[in-house]
Every structure is written in C-alpha cells, then in structure tokens.
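Some notes on the structure that comes next.
Given the structure is predicted, the values throughout are model-derived calculations rather than measurements. Just so it is clear: chains get the letters A, B, ... in the order the sequence lines come, proteins before strands, and each one is counted from 1. When reading the values below, keep in mind they use all heavy atoms of this one structure, side chains included, and skip hydrogens, waters and symmetry mates.
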Amino acid sequence: MSEERKSLNFIEQIIEEDLANGMPKGNLRFRFPPEPNGYLHIGHTKAIGISFGLGEYYNAPVNLRFDDTNPAKEEQEFVDAIKEDIAWLGYTWDKELFSSDYFQQLYDWAVYLIKEGKAYVDSQSSEAMAEQKGTPTQFGVDGPYRNRSIEENLNLFECMKAGEFDGGEHILRAKIDMQHTNMLMRDPIMYRVLKKHHHRTANDWCIYPMYDWTHGESDYIEQISHSLCSLEFKPHRELYDWFLDQVVDAGKLRPKQREFARLNLSYTIMSKRKLLKLVEDGIVNGWDDPRMPTISGLRRRGYTPNSIRKFVETVGVAKRDNIIDVSLLEFCIREDLNKTAPRVMAVLDPVKLVITNYPEDKVEWLDAENNQEDESAGYRKVPFSSELYIEKEDFKEEASAKFFRLKLGGEVRLKNAYIIKAESVLKDVNGNIEEIHCTYSEDTSRRVKGTLHWVSIEQAVKAEVREYDRLFSDETPDSHQDKSFMEFINPNSLKTIEAFVEPSLKDAKIGDRFQFQRLGYFNVDDDSTLEHLVFNKTVGLRDTWAKVKPKQNTNQNQQKQPQQNNRSAIEQIKSYGKKYDRLPEDKQADAKVDIQELAQKVSYDEVEPLFNTSVKKSGTRIITMITLGVLLKNGLEKNDAITEFIAKALDDKNVLLVAEAAAIS
RNA sequence: UGGCCUAUGGUGUAACUGGUAACACGUUUGUUUUUGGUGCAAAAGAGUAUAGGUUCGAGACCUAUUGGGCCAACCA
C-alpha cells in the first residue's frame with residue numbers, strides 16, 4: 001500500500017511551508033482569543049477546532065486568551081462559561097491569559113509611538129472624525145489635531161490616563177495615512193477614555209486599548225506563530241502588520257495573521273447579538289436552551305464533545321462563504337450515539353394494548369439487550385404483562401402491505417418479547433380507539449415483518465419528554481435584507497410530552513444518554529429530579545418510513561429532488577453528452593443507438609438551443625449532431641442555423657464530432 | 001468612484017510541479033436486521049461562474065468579463 005497522505009488545508013500548507021523555510025517546530029504556538037461578552041456557539045467551535053487541533057497535531061502550545069479590552073461588555077461570568085465549554089470539548093490550553101495583562105506594556109508602547117511621531121491625541125467629536133475619514137470610495141482628509149507637538153501629545157495622553165478627561169473628549173490615534181485605500185489605515189484609534197469598572201483590573205485604568213492595537217501586540221508578547229481568525233478580519237491584517245512593525249524586535253518571532261471562512265449552519269443564526277435577543281425576548285429559556293446553537297445548548301441537548309469535534313473536522317477549512325446543512329451535524333451525533341447509547345423502550349404517544357390470552361396477574365421480567373452495537377453493554381430486565389402501551393402510530397385497523405406495523409388480523413413482534421396478533425379494538429363513543437385486543441404466541445422464532453417497542457403499564461414510569469424542532473423556519477434567517485430574523489421564528493420549536501418509559505430508567509442521572517428504540521436519542525435534562533424525570537430529544541433516528549408516509553409531517557420542508565425517472569428524451573440525451581466522448585468505444589456505440597432511439601421523441605425546438613453549446617463541450621455537440629441526424633432523416637428541412645452548426649463542427653478539432661457532422665452534411 | 005477576498009454535484013471539502021474530477025453528508029435502490037435504526041452493496045447527481053486563449057492535453061496557466069462576500073463603531 002502506498003502511504004496515504006491526507007490533503008492539507010491552506011493553513012496547514014502555510015505552516016508546512018514556514019517549517020520548510022526553517023522555522024523551528026518548537027516556535028509553533030497558537031491561541032484562541034474570545035471576548036468574554038457572551039457564550040460560545042457552534043461557530044466558535046470551528047475556530048477552537050482549528051487552533052487547538054493544530055496544537056494537538058504539531059504538539060504545540062495553545063493559549064486561551066480573553067480579549068477583554070472593553071469593560072462595558074465583558075464579565076467574569078462569561079470567562080467561566082467559556083472555559084467550561086472549551087474544557088468540555090476536550091481541549092486543554094497551555095496558558096490562560098488576558099489582554100488586560102498587557103495594559104501596562106501596551107501603554108508604554110503607545111508612549112513610544114507618540115515620541116516617534118507615530119501617534120497623536122485627537123480632540124474632535126466622533127462625528128467630525130467620521131466625516132474626515134471619508135468612505136471606501138472617497139479619500140479621507142487630515143484632521144486639525146494631526147500635527148500636535150510631541151510634548152503636547154505626551155502631556156494630553158498622560159492626562160487621559162490620569163482620568164482628567166471624560167469619555168469622548170480625547171482619543172489616541174495612530175498617525176498613518178488618511179488617504180489610504182484601506183479604511184482601517186486612516187489613522188485608527190488606539191485608545192479611548194472609558195470610566196468603567198473592569199472585571200480584572202478594576203479601576204486601575206480609565207483608558208482602554210482598541211482591538212487592533214491590542215491583538216497583534218498581544219500575539220507578539222505571547223510569541224504566537226500563527227494567529228488565526230475569521231475572514232472578516234482580513235482588512236485588519238494590514239494594520240496588524242503596521243502595529244507590529246513599530247515594536248517588533250528582529251531577534252524575536254513575528255506573528256502572522258491568517259484568515260479562514262467562518263462556519264454558518266442552516267436554519268440557525270450565529271451572531272452573539274442576535275442570540276442574546278432570543279434570550280432576552282424569552283424566545284428560548286436561556287443561553288443553554290437545547291434549541292440554541294451555543295455549546296452549552298448543544299451540551300444540554302445531549303450532543304457529545306466527540307460528535308462536535310467530528311463535525312468541525314468534517315466541515316473543513318477554506319476561504320469561501322459556506323452554509324453547512326444541519327443534517328451533517330445530526331449525522332455526527334447519530335454516528336457517535338449509535339455506538340454508545342444504551343437502548344431502552346419508551347412510549348411517547350400511548351394507546352393501550354391488552355393481551356387477552358396472557359394471565360392477568362402475571363408479570364415476566366424478560367432479558368433485553370442494551371446495545372447490539374456494543375458486545376460489552378450486556379442485558380437488562382424489562383417487565384412484560386397483559387396490559388401494555390404501544391405508540392398510537394403503530395396501529396391501524398386497516399392498512400396497505402407497506403405498513404408493517406400492527407393491523408387487525410396482522411402479526412407483529414414486540415421487541416424483546418413475544419409475537420402478537422391484533423384481534424379487535426374497543427372504541428369510545430366518538431370512535432377513538434381505547435384498547436387494542438391481541439393474542440400472543442410464545443413461538444418467537446417465526447419471522448414477522450414488524451417489530452414494535454412497548455412498555456408494561458403497571459411498571460411504566462411517567463416522564464416528561466421535550467421534543468425540539470428547528471428554531472427558524474428559514475434556511476438562512478439572518479440573510480434577508482428586507483426581513484428580520486425574528487420573522488422566521490418557528491413558534492412550535494418546543495413540544496412537551498407526557499411519556500411512559502420502562503422502569504430501568506427510574507435511576508437515570510442528569511446527562512445520561514439513551515436511544516429510545518425506534519424513536520431517537522434522548523438525554524436526561526438538567527431539570528430532571530428523582531420524582532420527575534425529564535428527557536430531551538437530542539435527535540431522531542433516520543426515518544425512511546416518514547418519507548413514505550403521505551402527508552403526516554406537515555412542517556416537512558420540501559426538498560427538491562433530482563428527477564431521475566420521467567426525464568424527457570432530450571434530457572436523457574443531454575446526460576449522455578456529458579460523458580459521450582470519454583466513453584469506451586463499445587459503450588459509445590451503445591450510447592449512440594440509445595440516443596438515436598430517444599431522438600425519435602425529440603422536436604427540433606428542443607434541439608436548436610443546443611447549437612450554441614460552447615466549443616469546449618464537445619460531447620454535448622456530438623450528441624446534438626446525432627440527434628439532428630435523426631431529425632433530418634425523418635424529413636426535417638435544413639435551415640441556416642443547422643447549416644452553420646454543421647459547418648462549424650466540420651471545422652472542429654474533435655474527430656468524433658467531425659465524423660458525425662460529415663455523416664449528415 | 002476604490003481596496004481586498006471568493007467562485008468545483010443539493011451541501012461542505014479534495015484533486016502534489018497541467019493528464020480528463022475524488023471523499024463525506026444528503027437523495028434513491030437492493031440486501032441484512034427482534035429498531036422502517038445500524039451494517040453491507042450499488043446508483044443518480046459536476047465538462048469546475050462566463051467568454052476566449054496557450055497546450056497533444058487546462059479545474060489548475062494567460063486575458064477579458066460576471067456573480068457573491070467583506071471594509072466607513074471611542075465593538076471585537
């Protein structure tokens with residue numbers, strides 16, 4: 001076997017190149033720099049996965065650095081939550097650091113820049129400054145304070161630090177170029193006055209550095225080799241480099257910023273601000289609501305760290321905008337849970353079933369396999385008696401042969417138990433089925449088509465089950481310029497069900513994950529108590545039956561499927577065109593016969609548009625020629641378009657095309 | 001009257017210096033099965049945004065277009 005080399009993503013390629021160019025492997029160092037102003041979500045997981053993943057791959061340290069330069073928005077609560085989430089995902093950071101650790105160093109460097117004439121204090125209103133800044137298509141102009149003396153700047157900046165000014169009076173700006181094509185280079189702000197309590201430095205500072213001034217310098221202080229962030233920071237790179245130029249020591253490592261496309265998930269939103277609105281408006285019950293795309297929400301919903309890491313890995317890293325289908329996330333959690341989750345039986349929508357030939361007082365404790373995917377999972381006992389619950393959905397008085405659940409006169413297997421036959425039903429005055437009467441047979445070796453899950457009524461435990469649907473009805477709720485994402489909120493995203501579960505679940509603990517057989521994966525919610533069990537539905541099983549069922553699921557989203565049957569003759573011919581000239585000779589001959597047959601059903605109007613097919617697509621032009629040949633043979637008159645098409649083909653480089661054209665010209 | 005990024009099946013990511021487009025999800029079919037799950041097998045689906053060019057040969061190279069995204073917070 002040849003060695004299989006996994007293809008590298010563009011960031012890995014950059015690193016490999018740096019290594020090849022002589023960077024010692026020991027210099028590799030990464031960081032994940034969240035702002036502690038909210039909870040982490042699935043989008044952050046990508047950034048986490050990239051940096052920490054690189055750290056694991058190269059055995060390099062990864063710092064966790066809280067970017068806490070804006071005391072107005074940041075809180076200790078978020079620091080704690082972020083640490084919990086990253087640790088839960090299974091990553092370990094080298095050092096826990098804070099941008100605020102560098103406030104003094106940043107200040108000293110700022111003073112140095114002032115002395116070098118590279119920074120100045122501006123004393124205008126923010127409106128005036130915005131005015132002078134220009135627009136992307138219009139140059140900026142220099143402001144009136146741009147050429148203050150170094151002494152004055154030094155003095156003013158010191159006064160800013162000493163708290164002698166209020167916010168808005170003065171700011172410190174880098175002196176770069178008001179005519180720069182990159183807006184960020186038009187004398188960006190380095191410091192502003194903010195008389196706010198900081199979660200770590202308390203009231204030590206009343207001036208705070210801006211992101212751009214802080215980030216690159218922090219990377220430099222920590223000697224981060226590759227500073228990875230999302231694409232919207234691409235324009236910041238130029239400034240990142242400019243700030244680095246001012247302070248970098250030739251002997252030390254100079255960090256590199258590189259950008260990747262961030263992750264978007266269909267049917268949800270990723271913006272912290274919008275997520276906050278869902279929380280504040282009470283659309284969801286907090287940041288860890290199981291419907292939220294936050295890490296804490298997914299955790300509570302029953303997702304495993306492994307499944308999320310697998311997801312991020314599968315999604316890949318590139319630079320183009322993307323929307324990943326939730327079905328991929330769901331696949332990842334199913335794949336993980338299928339191997340690990342113990343199987344149990346629970347009935348969510350019960351109907352009573354009575355086994356008339358089973359002794360009324362008898363209870364049998366039958367063996368049930370915990371997980372057929374895992375030999376070591378063992379068995380448990382489940383009680384069986386004459387009165388059971390099954391799902392309403394699993395019984396119909398009459399049904400087609402495609403319905404292989406229980407119907408009158410039909411047989412079905414009860415999972416882990418016996419084969420039963422439905423004999424009759426008992427209905428209330430409205431005609432609703434109250435009881436299904438069956439007989440059972442102890443011969444379980446027979447083959448029957450269907451197998452149902454069930455619980456014995458007497459021993460069943462009541463439990464609350466929370467079923468979730470997607471939060472938004474639109475695939476990209478926040479990408480409509482004319483509509484707010486709030487308009488797409490799905491009002492039925494939470495359904496609370498009173499269910500019956502098998503007694504073995506009585507002592508399930510918070511966080512435990514199960515497969516309710518035939519239904520899906522569920523975990524025990526944080527709200528669960530000994531007296532009142534609460535389960536979350538993590539994700540359903542793949543359900544091919546649901547697709548067969550006529551309408552049933554009303555909010556089933558319509559998916560466009562490629563029509564493969566009933567394709568028109570011309571469509572079938574066209575699909576030959578895509579590969580015709582690449583087919584081996586014998587198959588090509590077969591294809592030609594087939595095309596000629598199909599061509600009988602094709603009209604000239606369908607063929608003419610194909611005359612414009614580009615030269616490159618010779619296959620399509622060949623099949624068009626063959627089809628045209630049939631039409632001509634059937635009496636079609638040559639017109640100018642046809643003559644021109646044939647003439648052009650006779651001139652082509654492709655010999656097959658020339659041959660076909662020659663045959664009919 | 002801008003700068004930067006980007007374009008490959010329905011989705012996402014591949015394709016080392018040019019050799020005829022791969023993998024995963026999704027879809028469909030068959031098969032296995034005491035879960036309409038899982039497993040196994042297979043199929044459909046892309047001439048790589050467009051138009052030209054170079055070349056025996058282009059998704060990769062060249063030219064010109066077009067679509068999409070980002071950039072004007074004392075946010076990060």
Side-chain angles (χ1 to χ4, degrees), chain A residues 5-9 33-35 37 67 69-70 72-74 122 126 129-130 133-140 167-168 170-171 180-184 186 189 191-194 208 210-212 214-215 231-238 259 261 266 272 314-325 327-332 334-335 338-339 343 345 369 372-373 402-405 413-417 419 444 447-453 515-520 540-548 559-562 564-565 575 577-579 581-582 614-620 653:
Chain A
R5 218 210 293 124
K6 188 183 131 243
S7 63
L8 303 175
N9 67 46
E35 181 187 12
N37 70 342
D67 217 340
T69 59
N70 185 357
K73 288 164 59 183
E74 294 144 8
D122 201 336
S126 60
M129 283 172 30
K133 204 163 186 177
T135 70
T137 55
Q138 201 174 356
F139 289 140
H170 305 278
I171 49 122
H180 206 286
T181 51
N182 182 347
M183 294 286 292
L184 288 160
R186 323 240 256 231
I189 297 173
Y191 273 96
R192 78 285 212 186
V193 173
L194 230 41
Y208 290 92
M210 302 287 286
Y211 165 83
D212 286 296
T214 310
H215 205 92
L231 229 38
E232 58 269 33
F233 289 96
K234 179 71 223 279
H236 293 254
R237 184 149 115 198
E238 206 170 6
E259 313 81 10
S266 62
K272 273 189 203 171
T314 310
V315 145
V317 182
K319 295 215 286 198
R320 58 178 122 148
D321 294 331
N322 58 78
I323 299 170
I324 285 128
D325 205 294
S327 64
L328 183 62
L329 219 208
E330 293 177 347
F331 164 78
C332 291
R334 284 195 193 107
E335 188 191 38
N338 177 48
K339 297 201 194 81
R343 318 281 132 131
M345 293 195 287
E369 194 174 14
Q372 54 274 73
E373 304 291 319
K402 277 197 163 181
F403 181 84
F404 35 91
R405 278 117 107 136
R413 183 188 303 277
L414 291 178
K415 180 81 188 170
N416 306 313
I419 290 173
T444 58
R447 286 180 60 107
V448 289
K449 191 77 174 151
T451 301
L452 306 186
H453 62 276
Q515 184 194 95
F516 289 2
Q517 276 188 306
R518 302 211 304 132
L519 296 175
L541 258 25
R542 231 180 119 244
D543 189 356
T544 42
W545 169 241
K547 289 167 197 153
V548 179
Q559 281 182 354
K560 37 188 167 178
Q561 290 173 13
Q564 32 220 71
N565 303 323
S575 66
K578 291 177 186 172
K579 44 197 161 188
D581 51 346
R582 278 186 269 155
S614 78
V615 234
K616 225 154 88 181
K617 303 176 182 175
S618 44
T620 302
K653 283 181 280 192

Nearest-Å distance once atom [atom1] is located in both [N] and [M]:
| N | M | atom1 | result |
| --- | --- | --- | --- |
| U33(B) | U28(B) | P | 23 Å |
| G9(B) | G45(B) | C1' | 5 Å |
| G10(B) | U50(B) | P | 13 Å |
| C4(B) | U8(B) | C1' | 23 Å |
| U6(B) | U13(B) | P | 13 Å |
| U29(B) | G69(B) | P | 37 Å |
| A14(B) | A46(B) | C1' | 14 Å |
| A60(B) | A49(B) | C1' | 16 Å |

Between [X] ([atom1]) and [N] ([atom2]), how many Å, whole number?
| X | N | atom1 | atom2 | answer |
| --- | --- | --- | --- | --- |
| Glu259(A) | C4(B) | CD | P | 14 Å |
| His236(A) | C75(B) | NE2 | C1' | 10 Å |
| Leu541(A) | U38(B) | CG | P | 7 Å |
| Phe404(A) | U34(B) | CZ | C1' | 14 Å |
| Leu8(A) | U13(B) | CG | P | 16 Å |
| Asn9(A) | G12(B) | CG | P | 17 Å |
| Tyr211(A) | C75(B) | OH | C1' | 11 Å |
| Asp212(A) | C74(B) | CG | P | 12 Å |

Please assess His215(A) against Asp67(A) for the test side-chain hydrogen bond (donor to acceptor under 3.5 Å, both in side chains), listing each intermediate value before the final yes or no. CA-CA 8 Å; His215(A) 205 92; Asp67(A) 217 340; 3.0 Å; yes

Grab the two heavy atoms, one from His453(A) and one from Gln517(A), that are nearest each other, plus how far apart they are.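 For His453(A) and Gln517(A), the tightest heavy-atom pair comes out as ND1-O, 3.4 Å.
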
Any Lys319(A) side-chain nitrogen or oxygen under 4.0 Å from OP1 or OP2 of U6(B):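 Result: yes.
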
Do the side-chain N or O atoms of Arg518(A) get closer than 4.0 angstrom to the phosphate oxygens (OP1, OP2) of G36(B)?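 Checking G36(B) against Arg518(A), a side-chain N or O does come within under 4.0 Å of OP1 or OP2.
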
For the atom pair [atom1] ([X]) and [atom2] ([Y]), what is the distance rounded to the nearest 0.5 Å?
| X | Y | atom1 | atom2 | result |
| --- | --- | --- | --- | --- |
| Arg413(A) | Lys449(A) | CZ | NZ | 13.0 Å |
| Arg518(A) | Arg405(A) | CZ | CZ | 5.0 Å |
| Glu373(A) | Gln515(A) | CD | CD | 9.0 Å |
| Glu238(A) | Asp212(A) | CD | CG | 11.5 Å |
| Arg343(A) | Leu519(A) | CZ | CG | 12.5 Å |

Closest to the [X] side chain, choosing from [options]:
| X | options | result |
| --- | --- | --- |
| Glu35(A) | A72(B), A14(B), A76(B) | A76(B) |
| Leu328(A) | G26(B), C25(B), A76(B) | C25(B) |
| Asp543(A) | G36(B), C75(B), U35(B) | G36(B) |
| Arg542(A) | A14(B), C75(B), G37(B) | G37(B) |
| Trp545(A) | A15(B), U6(B), G36(B) | G36(B) |
| Arg320(A) | G36(B), U35(B), U13(B) | U13(B) |
| Phe331(A) | G26(B), G37(B), C71(B) | G26(B) |
| Arg192(A) | C75(B), C5(B), C70(B) | C75(B) |
| Arg447(A) | U28(B), C75(B), U33(B) | U33(B) |
| Asp321(A) | U27(B), G69(B), G2(B) | G69(B) |

Give one of base, sugar-phosphate or nothing for [X], where a contact means two heavy atoms less than 4.0 Å apart.
| X | answer |
| --- | --- |
| Phe233(A) | base |
| Val448(A) | nothing |
| Ser126(A) | base |
| Ile323(A) | sugar-phosphate |
| Gln515(A) | base |

Does Thr620(A) contact G47(B) through a side-chain donor or acceptor facing the base, at a distance under 3.5 Å?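 Answer yes: a donor N or O sits under 3.5 Å from an acceptor.
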
Does Gln372(A) make a side-chain donor-acceptor contact with the base of U33(B), cut-off 3.5 Å?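 No such pair is found, so the answer is no.
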
Dot-bracket, 5' to 3', for RNA chain B please: Watson-Crick or G-U pairs under 3.5 Å, [ ] where pairs cross earlier ones, | where the partner sits on another strand, dots elsewhere. .((((((..((((.....[..)))).(((((.......))))).....(((((..]....))))))))))).....

Classify the glycosidic conformation of G47(B) as syn or anti, calling it syn when the angle lies within 90° of 0.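 Chi for G47(B) falls in the syn range.
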
If you assign Leu414(A) and Val193(A) each to the RNA chain B nucleotide with the nearest heavy atom, which residue ends up on the more 5' nucleotide?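 The answer here is Leu414(A).
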
Find out whether Met210(A) and Thr69(A) are in side-chain contact, i.e. whether some heavy atom of one side chain is under 4.5 Å from a heavy atom of the other.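 The answer is no; the side chains never approach within 4.5 Å.
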
Measuring only between side-chain heavy atoms, which start at C-beta, is Phe516(A) closer than 4.5 Å to Met345(A)?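 Answer no - side chains too far apart.
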
Do the ring planes of Phe233(A) and Tyr211(A) sit parallel (below 30°), tilted (30 to 60°) or perpendicular (above 60°)?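 Correct class here is tilted.
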
